[in-house]
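As structure tokens, the structure follows; a few thoughts come after it.
We count ligands from 1, going down the list as the structure has it; atoms in each ligand are counted the same way.
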Amino acid sequence: MQRIGVIGVGEIGRALVEGLCEGGGEAPEVFLSPRGARTAAELAGRYASVRVCADNQAVVDSSQIVLIAVRRDQRHEALSGLRVGGDRIVVNVMAGVRNETLRATLDGDFPVVRAIPLPTVRERRSVTVTCPSHPVVDDLFEQLGGALPVPDEAAFDVFSALTGTLTAHYSYLATLTAWAGRQGVPPSEAERYVRSLFQGVGRSLGDEARALQQLAADHETPGGNNERIRTTWFDAANADALGKALDGLLADLG
Ligand SMILES: NC(=O)C1=CN([C@@H]2O[C@H](COP(=O)(O)OP(=O)(O)OC[C@H]3O[C@@H](n4cnc5c(N)ncnc54)[C@H](OP(=O)(O)O)[C@@H]3O)[C@@H](O)[C@H]2O)C=CC1
């Protein structure tokens with residue numbers, strides 16, 4: 001049975017535990033840090049294989065894989081002075097913290113793997129980028145929807161930048177809904193319709209046999225409405241502005 005520790009039982013820590021414990025197979029043993037006490041107690045109450053440790057050192061001592069899921073600015077308080085044996089694997093899910101930076105905060109010589117789990121690990125539907133590849137860690141994320149190992153942190157940063165585009169997507173949908181509202185459509189109807197349209201997009205994306213450009217072409221009639229909006233609004237200048245925003249983000253991540 002796997003033994004997995006989680007230091008930082010907040011939003012993403014909880015999603016990871018839920019995904020691991022509800023997979024259908026044998027649930028791993030999970031050791032939680034005491035902070036985030038309410039969530040930790042709730043998870044320990046819900047799953048027989050989850051327990052809350054007395055302190056963060058006890059999490060490390062009990063686990064083969066230790067997931068570090070505190071916020072970046074909480075890491076010194078959470079981690080300074082913790083001793084980590086060479087037979088442990090540390091998984092760094094903190095945004096903006098390089099593996100070497102994390103290693104310097106902890107005491108020991110052990111493998112560190114950086115990862116970007118998304119909240120959909122809860123349903124085992126997140127493809128998680130990892131760096132560097134480690135068979136044990138990649139296998140863990142395979143259980144949660146898939147692992148996508150990348151060779152270095154420069155490549156990792158590119159994927160991190162992509163995760164920064166999610167809320168713009170929701171805002172785009174909200175903007176469409178607001179526009180329909182200004183045309184006199186009741187907001188609830190506009191929102192219902194926009195959600196339905198884009199849930200269809202989500203389902204199409206599951207069809208990995210078709211490339212993204214092909215999906216776009218398949219949804220577009222030559223000279224039709226979709227082509228008109230794509231070429232008049234999402235034109236070269238707009239695509240370039242998006243590329244520049246991502247360039248800026250990537251430069252700041254590096
Ligand atoms: N949310 C997301 O979708 C994703 C988040 N991440 C990364 O994961 C990390 C956590 O994010 P998120 O879950 O959103 O943040 P939260 O604030 O929800 O969770 C942080 C948790 O860390 C706990 N904590 C604080 N100090 C300590 C300590 N000294 N020892 C142990 N635990 C401590 C907090 O406990 P308390 O409540 O008691 O303060 C809280 O439960 C961040 O670094 C973020 O970049 C990565 C991928 C996705």
Correct closest heavy-atom pair for Arg72 and Gly96 would be NH1-O, 3.2 Å
Closest approach of Ala78 and Ile7, non-hydrogen atoms and distance?
CB-CG2, 4.5 Å
Any pair counted as side-chain hydrogen bond (donor to acceptor under 3.5 Å, both in side chains), so long as it reaches residues 157-172, sequence neighbours left out
Arg98-Asp157
Residue Arg210 excluded, over 12 heavy atoms near CZ under 6.0 Å:
yes
Partner residues of Val158 under the side chain to side chain contact (heavy atoms under 4.5 Å, CB included) criterion, sequence neighbours left out:
Leu250
Is there any protein N/O under 3.5 Å from an N/O of ligand 1, and what does the full list of such pairs look like?
| unit_1 | atom_1 | unit_2 | atom_2 | d |
| --- | --- | --- | --- | --- |
| ligand 1 | 13 (O) | Glu11 | N | 3.0 |
| ligand 1 | 13 (O) | Ile12 | N | 2.9 |
| ligand 1 | 15 (O) | Arg71 | NE | 3.3 |
| ligand 1 | 17 (O) | Arg71 | NE | 2.6 |
| ligand 1 | 17 (O) | Arg71 | NH2 | 3.1 |
| ligand 1 | 18 (O) | Glu11 | N | 2.9 |
| ligand 1 | 26 (N) | Arg35 | NH2 | 3.3 |
| ligand 1 | 30 (N) | Asn56 | ND2 | 3.0 |
| ligand 1 | 35 (O) | Gly36 | N | 3.2 |
| ligand 1 | 38 (O) | Arg35 | NE | 2.9 |
| ligand 1 | 38 (O) | Gly36 | N | 3.0 |
| ligand 1 | 39 (O) | Arg35 | NH2 | 2.9 |
| ligand 1 | 41 (O) | Val9 | O | 3.2 |
| ligand 1 | 41 (O) | Gly10 | N | 3.4 |
| ligand 1 | 43 (O) | Val70 | O | 2.7 |
| ligand 1 | 45 (O) | Ala95 | N | 3.0 |

Under 3.5 Å donor-acceptor pairs involving side-chain atoms of residues 10-25, not counting sequence neighbours:
| unit_1 | atom_1 | unit_2 | atom_2 | d |
| --- | --- | --- | --- | --- |
| Arg14 | NH1 | Glu42 | OE1 | 3.1 |
| Arg14 | NH2 | Glu42 | OE1 | 3.1 |
| Glu18 | OE1 | Arg122 | NE | 2.5 |
| Glu18 | OE2 | Arg46 | NH1 | 3.4 |
| Glu18 | OE2 | Arg46 | NH2 | 3.0 |
| Glu22 | OE2 | Tyr47 | OH | 2.3 |

